[in-house]
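Notes follow the structure.
Lettering follows sequence order; numbering is per chain, from 1.
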Amino acid sequence: MTGAVAHSFSRWEWSRARFPLFGEQYRAEIDALALRRGNGKFERINRVRVKFPPTDNNRIGTSYTSMCGTLVRIEIERATGTLRIAKAYSVFECGKALVPEVVMGQAQGGFAMGVGYALLETLPPFEGGPGNGQWNLGQYLVARGSDLPLHDLEIEMLPPLTPDEPPKGMAEVVMVPVVPAILNAIFDATGRRFQSLPVTTSLLKGVLA
Amino acid sequence: MTKLSLTINGRAYGPVEVRDELSMNDFLREYLGMTGTKFGCGAAQCLSCAVIVDDPDGTSCTSPTCIASAASFDGKTIRTVEGLARDGELSELQKAFIRHFAFQCGYCTAGFLNEGQVLLERLAKAPVKRADLESTIAEALDGHICRCTGYVKYHEAVRDVILADSRRYLVANQ
């Protein structure tokens with residue numbers, strides 16, 4: 001045997017088929033297979049029992065979602081409006097984690113990005129905004145270590161919903177609930193609902209004055 | 001043009017003529033091919049480009065290379081990320097970063113390694129109390145921006161190296 005060419009199709013799971021090979025049924029997550037012997041031409045192996053993933057899988061919004069929730073405890077200094085996240089907890093489910101350490105790193109990074117989105121990062125349109133090409137990280141503020149509860153950030157990765165649940169995307173969902181959690185905590189602390197982001201120190205000072 | 005001589009990772013370079021406006025970052029990456037030092041924001045805000053500067057008085061600090069001219073490093077002794085491993089063996093901090101999965105894209109890693117290394121060497125000379133360790137690490141690393149893993153694993157890795165050799169880095173018996 002000198003060569004093999006396979007074809008498969010994915011719709012959040014792979015197509016599957018069986019191929020009669022060497023007197024046995026070869027099963028694989030492919031739907032077409034061709035083999036070459038020596039210098040000969042590739043010859044198609046006729047498949048049996050092909051199975052394609054259901055079109056229903058295209059509704060990934062309902063069948064393939066990772067869920068995440070966040071709780072935060074904040075402290076706001078009355079005189080200055082300085083906000084400190086004292087403690088935080090995020091919990092999520094993403095199916096089978098292929099590399100759990102990387103998944104946790106993404107979740108911690110997502111928390112940092114959520115903090116930046118809620119409290120720091122501003123991109124105003126028009127003149128004077130970043131579109132003028134002059135902005136850098138001195139003006140576009142992103143979360144640094146000191147903006148985060150580095151030693152009081154607990155993140156829990158739940159086991160897969162079912163033993164055979166496939167891996168699901170989770171890189172972005174881990175930042176999403178951080179923002180409403182912080183905004184709700186600010187409402188709880190100040191009685192004020194903020195309708196636009198970021199909620200900066202000076203805005204907080206303004207509602208506490 | 002300026003005549004530049006300096007020591008990088010224990011090896012003497014120069015004298016070599018460089019344009020006055022040539023940045024240290026370009027000198028390292030483009031002239032010497034030492035691409036371990038990254039170019040990030042170009043405004044000394046993210047410190048992905050930081051290298052270690054060893055002063056004659058025995059102290060060390062990090063310095064950004066993006067806004068500093070190569071000429072300003074004349075006569076200096078520096079270390080880059082390429083110099084942290086010894087005889088092919090990674091430093092304790094490098095091993096800890098890998099063990100902790102501290103980095104993902106890796107762009108900020110050289111800067112964090114150099115800053116962490118400077119911190120370790122400083123603590124070896126002037127240990128801190130265990131109770132002050134977390135804030136000491138946080139203060140030391142705070143200039144560096146990371147957008148993948150949110151700092152937690154970097155801090156844990158640095159703390160692990162210190163706690164694994166606490167007699168060296170921490171004040172005894174508090």
Is the number of heavy atoms from other residues, nucleotides or ligands under 6.0 Å of [X] [atom1] greater than 12?
{"X": "B/F39", "atom1": "CZ", "result": "yes"}
{"X": "A/K205", "atom1": "NZ", "result": "no"}
{"X": "B/E21", "atom1": "CD", "result": "yes"}
{"X": "A/F42", "atom1": "CZ", "result": "yes"}
{"X": "A/E172", "atom1": "CD", "result": "no"}
{"X": "A/R18", "atom1": "CZ", "result": "yes"}
{"X": "B/E17", "atom1": "CD", "result": "yes"}
{"X": "B/R86", "atom1": "CZ", "result": "no"}

Let me know if [X] has heavy atoms under 4.5 Å from chain B in its side chain, its backbone, both or neither.
{"X": "A/A171", "answer": "neither"}
{"X": "A/L148", "answer": "side chain"}
{"X": "A/L137", "answer": "both"}

B/R159 versus A/H151: any side-chain heavy-atom pair under 4.5 Å?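 In short, these two side chains touch, coming nearer than 4.5 Å.
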Is there side-chain contact between A/V99 and B/F101, with heavy atoms separated by less than 4.5 Å?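 Side-chain contact under 4.5 Å: yes.
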Counting heavy-atom pairs under 4.5 Å with chain B, which one of [options] comes out on top?
{"options": "A/A112, A/G105, A/S146, A/G138", "result": "A/G105"}
{"options": "A/P149, A/G145, A/G116, A/A107", "result": "A/G145"}
{"options": "A/G110, A/A143, A/G109", "result": "A/G109"}

With no hydrogens and no angle check, is any side-chain donor or acceptor of A/N136 less than 3.5 Å from a backbone partner on B/C41?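 The answer is yes, because a donor-acceptor pair under 3.5 Å joins these two groups.
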So which residues of residues 137-151 of chain B are in contact with chain A at a heavy-atom cut-off of under 4.5 Å?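 Answer by number: B/D142, B/G143, B/H144, B/I145, B/R147, B/C148, B/T149, B/G150, B/Y151.
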I need the B/L47 CG to A/R144 CZ distance, nearest 0.5 Å.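 Going from CG on B/L47 over to CZ on A/R144, the span is 7.0 Å.
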Could you state the interatomic distance from NE2 (B/H155) to CD (A/Q108), rounded to the nearest 0.5 Å?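 Answer rounded to 0.5 Å: 11.0 Å.
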Set out, in order, the CA-CA distance, both residues' side-chain angles and the distance that settles side chain to side chain contact (heavy atoms under 4.5 Å, CB included) for B/K153 and A/M104, then state yes or no. CA-CA 9 Å; B/K153 291 178 190 296; A/M104 285 304 279; 3.9 Å; yes
Under 4.5 Å from any heavy atom of chain A - which part of B/E134: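 Answer is both: backbone and side chain atoms of B/E134 are under 4.5 Å from chain A.
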